[in-house]
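Here, residue 1 is the first one in the sequence, and each next residue gets the next number.
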Amino acid sequence: MIKEKNNATLTFEDFKTEVLNDYKIAVTSRECSLLGRREVLTGKAKFGIFGDGKEVPQLAMAKFFKDGDFRSGYYRDQTFMMAIGEFTTANFFAGLYGNTDIKQEPMSAGRQMGGHFVTHSLNEDGSWKNLTKQKNSSSDISPTAAQMPRLLGLAQASKVYRKINNIPNQSNFSNEGDEIAWGTIGNASTSEGVFFETINAAGVLQVPMLISIWDDEYGISVHARHQTTKENISEILSGFQRDKNSNGIEIFTVKGWDYSDLITTYEKASKIAREQHVPVLVHVTELTQPQGHSSSGSHERYKSTERLNWEREFDCIRQMRLWMIAINIASAEELDEIDATIKKEVLEGKKAAWNSFIAPIVAEKNELINILEKIAPSSKNKEQILRLSNSLKNIKDPLKKEILATARKSLRLVVNEVQGTELSLWIQKYTQINQAAFSDNLYSESKNNVFSVKEVLPDYAADARRDTDGRMIIRDNFDALFAKYPEVLIFGEDSGNIGDVNQGLEGMQEKYGETRVADTGIREATIIGQGIGLALRGLRPIAEIQYLDYLLYAIQILSDDLASLQYRTVGKQKAPLIIRTRGHRLEGIWHSGSPMGMIINAIRGIHVLVPRNMTKAAGFYNTLLECDEPALVVECLNGYRLKEKMPLNYGEFKTPIGVVETIKEGSDITLVSYGSTLRLVEQAAIELAETGIDCEVIDIQSLLPLDINHDIAKSIQKTNRLLVIDEDVPGGASAYILQQIIEQQDAYKFLDSKPQTLSAKEHRPSYGTDGDYFSKPSIEDIYEKVYGILSESNPAKYPKLY
């Protein structure tokens with residue numbers, strides 16, 4: 001029943017001790033939930049979403065969760081995190097209050113609401129900890145079922161480590177692939193497409209994944225009959241059940257209030273997943289939600305009296321208590337005493353957490369009040385300053401916002417007075433400290449971030465005849481990278497057997513094997529999820545999305561999970577995933593889109609690289625594999641057959657990230673573009689030169705980050721004119737580029753003409769060569785736009801064309 005320790009038979013006293021300890025954890029978790037809701041209703045906390053009603057199955061799950069295992073879970077899992085020793089009462093309340101001290105609130109330093117759990121995978125310098133020596137949880141996110149794609153990669157990593165044994169520092173990440181990836185999800189969230197996508201992919205890949213479905217029959221107020229066919233997710237998944245003739249998944253069902261049966265079930269399920277590397281699903285039914293979905297409402301509004309009575313009767317802790325009494329583990333009186341003790345401990349823990357949170361803020365409040373009372377007497381606005389100070393003084397439990405707002409309002413009153421200097425300096429220091437607490441770590445701050453890698457130019461042979469197709473350059477560079485980095489994997493639709501749709505991976509699967517160069521199904525969200533999970537476990541995956549348009553299937557996972565990972569963990573986890581795709585100009589609505597504005601605004605936290613040719617793209621891959629950050633590389637879809645010089649130093653030359661390249665120097669106007677469109681800009685510049693217009697042409701190369709050295713502004717200082725050419729929709733990426741140049745680089749002060757953009761039309765590009773010509777900027781469009789800008793300033797030299 002209970003997991004044996006050291007292969008010795010448990011005595012009844014050992015058994016009793018373990019059960020009582022489990023009960024204490026369950027009651028502690030429940031008391032946290034109950035008191036947490038009260039803290040929200042009294043206003044000390046903003047919102048609460050708790051794990052009450054799910055305590056007992058989480059105790060059972062925790063018994064078989066080993067060091068090295070990973071969780072990818074659900075915001076109801078507080079009992080599980082307590083049971084594995086990674087979450088305390090103090091942590092619970094610190095998270096509820098939004099404490100920005102990572103030591104007090106290790107889950108996210110107040111960046112996520114409570115119920116979002118994580119363990120720290122990284123040391124202070126950003127290097128990896130030994131993940132096999134700790135129990136691991138990937139960082140939770142709120143979007144329903146969005147934890148599932150990442151779970152697939154966490155599980156696949158064990159399979160990779162079991163098959164490959166020459167990966168650097170492998171012992172820090174895996175014990176010969178013995179680890180399980182444990183997923184948890186609510187029953188209603190199983191209606192999301194990414195859940196089914198993950199289940200299907202896990203069955204295909206046969207990875208050691210164990211998914212628990214906490215089923216309480218509701219999704220907020222909506223009953224299962226509106227959520228799930230037959231109101232039973234395990235029944236409709238029964239077709240996935242493996243048998244002797246085919247792969248699939250193992251499926252167990254168990255009642256969530258049956259402590260003994262839960263332990264037996266999880267023991268069987270974990271043994272199958274761990275030893276056989278088979279995905280397993282445990283459908284935990286008949287669970288309850290004693291306080292409803294969250295602190296924002298009451299479940300009495302939508303549950304019948306009969307249902308509410310049943311939930312009270314079959315509350316899992318109540319049933320565990322009755323079972324303990326029935327088999328003489330403890331008497332009702334003994335359990336009452338335990339309950340009372342824990343209630344007091346949780347209350348004391350809550351008070352301590354609140355004091356730890358509020359005391360520093362009160363000290364900051366008093367510090368400002370002292371400054372205001374000091375400067376007020378000599379100010380002409382004395383009464384107004386003292387009024388602001390007294391208002392702040394009367395706030396018993398202040399927010400940082402209220403302190404800073406008071407200081408900034410006061411500064412207006414002493415702006416022309418000598419005493420304002422002290423207040424101004426205090427505000428600047430206070431803002432700097434607190435802004436960092438809420439805003440740092442969006443990108444890596446380690447010594448291995450993208451700015452740590454310097455440019456290395458390609459070496460070329462003297463023989464000019466060594467030109468080759470661009471796809472050969474990308475292929476041979478990947479060959480060098482696979483040989484150099486055993487931890488590198490690539491996978492995607494058509495990536496394996498045929499070597500991708502453009503032959504950039506030709507022969508790589510045959511040479512390096514199906515584990516490292518793999519085909520996948522058509523399932524973009526879980527391709528990205530595979531990459532995130534693999535990267536979280538120390539591998540260097542390259543997830544291939546066949547075309548840029550198809551990235552939209554995965555944009556939610558990229559945006560909500562990968563892009564925010566370093567931010568929401570305050571730099572305590574990283575997933576340096578490389579996403580490879582291809583896009584820009586072709587012909588037709590579905591393979592020609594360049595929705596870069598959508599992408600760059602959705603995935604801040606991921607670098608977005610837009611190389612103009614395959615040599616530049618290869619250089620980006622070489623750079624990224626020396627860094628610890630995620631990035632999206634968009635190769636030019638129409639560039640694979642174009643001729644480029646053949647480098648000699650594959651795997652070694654590096655394209656710098658955030659650095660633009662001046663392709664052609666000029667004196668009349670600065671033309672800024674990237675990707676396939678840049679080739680049109682270059683041709684237009686040649687034709688404009690025949691008219692006497694000397695264009696400076698700049699290749700952006702990377703959109704996130706953009707021009708960290710402000711070389712575009714330096715160019716504009718010389719030319720005094722700017723045109724941004726982009727094939728996204730009007731106001732898409734071009735608007736972002738223009739904002740960066742004008743606002744961030746202060747280039748406005750060098751302009752003699754209005755800065756302008758030239759983009760594609762608002763619609764998707766139409767089919768065919770003519771469709772491309774009339775939908776996106778052409779050479780003639782660029783020529784005439786530039787000519788028009790020069791005509792405006794010198795109409796005598798450049799008379800109007802139309």
Any donor-acceptor N or O pair under 3.5 Å, side chains D479, Y512: yes
Is it the case that S138 and N136 place a side-chain donor and acceptor less than 3.5 Å from each other? no
Could you tell me whether a side-chain N or O of R568 sits under 3.5 Å from a main-chain N or O of D561, the two making a donor and an acceptor? yes
Are a donor atom and an acceptor atom from the side chains of S594 and D728 found within less than 3.5 Å of each other? no
Between R537 and S158, is any side-chain donor less than 3.5 angstrom from a side-chain acceptor? yes
Between V194 and T198, the two heavy atoms sitting closest are O-OG1, 2.7 Å
Strictly by modelled atom types, are N187 and W214 linked by a side-chain donor-acceptor pair under 3.5 Å? no
Partner of S270 under side-chain contact (heavy atoms from CB on, under 4.5 Å), chosen from V282, I180, V280: I180
Residues D500 and S495: side-chain donor-acceptor under 3.5 angstrom: no
Ignoring hydrogens, what is the shortest heavy-atom contact between L565 and K574? Give both atom names and the distance. CD2-C, 3.7 Å
Distance-only polar pair, side chains of H584 and T677, donor-acceptor under 3.5 Å: no
Y640 versus R582, side-chain donor and acceptor atoms under 3.5 Å: yes
Going by atom types alone, do E524 and Y547 pair a side-chain donor with an acceptor below 3.5 Å? no
Presence of salt bridge, R679 and D699, under 4.0 angstrom: no
Determine, for K654 against E455, whether the closest basic-nitrogen to carboxylate-oxygen distance falls under 4.0 angstrom. no
Of the non-hydrogen atoms in G531 and P541, which two are nearest, and what is the gap between them? O-CG, 3.3 Å
Nearest atoms (heavy-atom pairs only) where I249 meets G203: CG2-CA, 4.2 Å
Between T520 and E493, is there a side-chain donor-acceptor contact under 3.5 Å, judged purely by atom types and distance? no
Considering all heavy atoms of both residues, which atom of A201 and which atom of T526 are nearest to each other, and what is their separation? CB-OG1, 4.5 Å
Would Y650 and N622 count as having a side-chain donor-acceptor pair, cut-off 3.5 Å? no
Any donor-acceptor N or O pair under 3.5 Å, side chains Q566, Q573: no
Is there a donor-acceptor contact under 3.5 Å from the side chain of T655 to the main chain of K616? yes
Ignoring hydrogens and geometry beyond distance, is a side-chain donor-acceptor pair present between D494 and Q546 at under 3.5 Å? yes
Hey, can you tell me if F451 and H607 have their rings parallel, tilted or perpendicular (30° and 60° cut-offs)? perpendicular
Pairing donors with acceptors under 3.5 angstrom, does anything connect the side chains of R242 and Q276? yes
Between E192 and T144, is there a side-chain donor-acceptor contact under 3.5 Å, judged purely by atom types and distance? yes
Could you walk me through whether E179 and R274 pass salt bridge (Lys or Arg N to Asp or Glu O under 4.0 Å), step by step? CA-CA 6 Å; E179 304 79 23; R274 197 177 302 279; over 6 Å; no
Do the side-chain N and O atoms of Q147 and R71 include a donor-acceptor pair separated by under 3.5 angstrom? no
Determine the interplanar angle of the F173 and Y161 rings, folded into 0 to 90°, and report it as parallel if under 30°, tilted if 30 to 60°, perpendicular if over 60°. parallel
Looking at P705, is its backbone amide N or carbonyl O close enough to the side chain of S702 to form a donor-acceptor pair, meaning the two atoms are under 3.5 Å apart? yes
Tell me yes or no: between the side chains of S246 and D243, is some donor less than 3.5 Å from an acceptor? yes
